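Here's the structure, in structure tokens; my notes come after.
This chain uses plain numbering: 1 for the first residue, then up along the sequence. No experiment lies behind these values; they were computed from the predicted model shown.
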Amino acid sequence: MRALPMAVSRGAVACATPAAAAAALPRRSMLLSTAAAGAALQSDPIRLMSTPKLKLRASAGAAQAAATSFSSNDEAFAWAKKDNRRLLHVVYRVGDIDRTIKFYTECLGMKLLRKRDIPEEKYTNAFLGYGPEETNFAIELTYNYGVDSYDVGAGFGHFGIATDDVGKTVELIRAKGGKVTREPGPVKGGKTVIAFIEDPDGYKFEILERPGTPEPLCQVMLRVDDLDRAISFYEKACGMKLLRKRDNPEYKYTVAMMGYGPEDQNAVLELTYNYGVTEYDKGNAYAQIAIGTDDVYKTAEVVKLSGGQVIREAGPLPGLGTKITAILDPDGWKSVFVDNIDFAKELE
């Protein structure tokens, strides 16, 4: 059991990206790199709203379909619940990757786990977190050459970081030049002590008091326009559990925590519904969450049976062989499922 590590002392510090951590790195996580479509990122921000379902792509082949077909929807949803799944990492875009690495390592106490530059595809990505990717949730930053800013939008909410002492953590962040947007205090309508800070690209982090947590990087919050619909989708299509749901009529919002294990032990997805809001500007900064699975083919089939949208059919990535499938939830938020064995090989 451990608290949020704060690797530095107070006071102004100048530091470059740790060069040693970038040496002798494992192969790039190709998942990864859906976030790195440079030209596509120049398009207008996507709108988050109720949209008609996209036409699903054709099946990958009769033989594979036969091998993965379920006899009923109930059998499919039950399989998803039993599948070996966990949240692997969250992917988003930044305008200056060295600046962001410096902020996350100095102010938030994260470690640079690996970094890789791909000049032929004109992007760099870096993985950061509080423990090894084999067991812990991580952040994947993507920098696309020549793009120095993105629109975070209003649909994305925040990331969550748990710590033993919110007050002390905020003091350290402030001393390093971090931007504190909400001082420590009880959450609206609750008792948990929280604070909010903002990173150099405008992403918000909720610092919450949770002593002894094994997973400090603990939340990804996204806003949705129909909470019950979103909960049903993540339960059926993604095999998640509804860990808790809390309505706060005084402040006109409802939240639901979804995940694959207890909230105090694992990273979770926090879905937020604000009363009467059915449309959000999603911007072009946030990309997706990656989720591990034992079978991407069955996963894609379950998503289709649940009425979800498969935007990349299950199969191996060219040149690497890692098997993935990509989906959209009813609000247009993207998730990528990755074969567990293939992902482990990428980390070797």
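Taking hydrophobic clusters as Ile, Leu, Val, Met, Phe, Trp and Tyr residues chained together by side-chain heavy-atom distances below 4.5 Å, Leu222 shares a cluster with Met258. By the criterion of side-chain heavy atoms lying less than 4.5 angstrom apart, applied directly or through intervening Ile, Leu, Val, Met, Phe, Trp or Tyr residues, Leu208 is not grouped with Leu172; the two fall into different hydrophobic clusters. Taking hydrophobic clusters as Ile, Leu, Val, Met, Phe, Trp and Tyr residues chained together by side-chain heavy-atom distances below 4.5 Å, Leu217 does not share a cluster with Met257. Grouping the Ile, Leu, Val, Met, Phe, Trp and Tyr side chains by contacts below 4.5 angstrom, directly or via other members, places Tyr203 with Val180. Residues Leu317 and Val338 share a hydrophobic cluster, clusters being chains of Ile/Leu/Val/Met/Phe/Trp/Tyr side chains in contact below 4.5 Å.
Here the side chains of Glu133 and Glu140 are not in contact, with every heavy-atom distance at 4.5 Å or above. A 4.5 Å side-chain heavy-atom check between Asp295 and Glu301 finds every atom pair outside the cut-off. Here the side chains of Ser335 and Gln288 are not in contact, with every heavy-atom distance at 4.5 Å or above.
Using a 4.0 Å cut-off between charged side-chain N and carboxylate O, Lys345 and Asp339 make no salt bridge. One finds a salt bridge joining Arg99 and Asp201 here, because a Lys/Arg side-chain nitrogen approaches an Asp/Glu carboxylate oxygen to under 4.0 Å. A salt bridge links Asp331 with Arg229: the distance from a Lys NZ or Arg NE/NH1/NH2 to an Asp or Glu carboxylate oxygen falls below 4.0 Å. The pair Glu209-Lys191 does not count as a salt bridge, with every side-chain nitrogen at least 4.0 angstrom from each carboxylate oxygen.
No donor-acceptor pair under 3.5 Å is formed between the side chain of Glu206 and the backbone N or O of Ile194. Side chain of Arg116 to backbone of Thr124: no donor-acceptor contact under 3.5 angstrom is found. Proximity of a side-chain donor or acceptor of Asn136 to a complementary backbone N or O of Tyr130 within less than 3.5 Å is not detected.
Side chains of Asp199 and Thr100: a donor-acceptor N/O pair is absent below 3.5 angstrom, by distance only. Thr325 and Thr299 are not linked by any side-chain donor-acceptor pair at a separation below 3.5 angstrom, with hydrogens and angles left out of the test. A donor-acceptor contact closer than 3.5 angstrom is absent between the side chains of Thr142 and Asn125.
Atom NZ of Lys81 has more than 12 neighbouring heavy atoms from other residues, nucleotides or ligands inside a 6.0 Å radius. With a 6.0 Å radius and a threshold of 12 heavy atoms from other residues, nucleotides or ligands, Leu242 has its CG atom above the threshold.
Taking the six-membered ring for Trp and thresholds of 30 and 60 degrees, Tyr286 and Trp333 have ring planes more than 60 degrees apart, a perpendicular arrangement. The aromatic rings of Tyr104 and Phe205 lie perpendicular to each other, with more than 60° between the two planes, well past the 30° mark.
Legend: residues meeting side chain to side chain donor-acceptor pair (under 3.5 Å) with Asp165, ordered by chain and number and at least two apart, are absent.
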Next item on the list: Kindly determine whether Tyr92 and Phe159 satisfy ring pair (Phe, Tyr, Trp, His ring centres under 6.0 Å), including the steps that lead there.
Entry: CA-CA 11 Å; Tyr92 53 101; Phe159 304 110; 4.7 Å; yes
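The list of ring pair (Phe, Tyr, Trp, His ring centres under 6.0 Å) pairs with a residue in residues 217-241, not counting sequence neighbours, is empty. Each ring pair (Phe, Tyr, Trp, His ring centres under 6.0 Å) pair with one or both residues in residues 240-277, not counting sequence neighbours, would appear here, but there are none.
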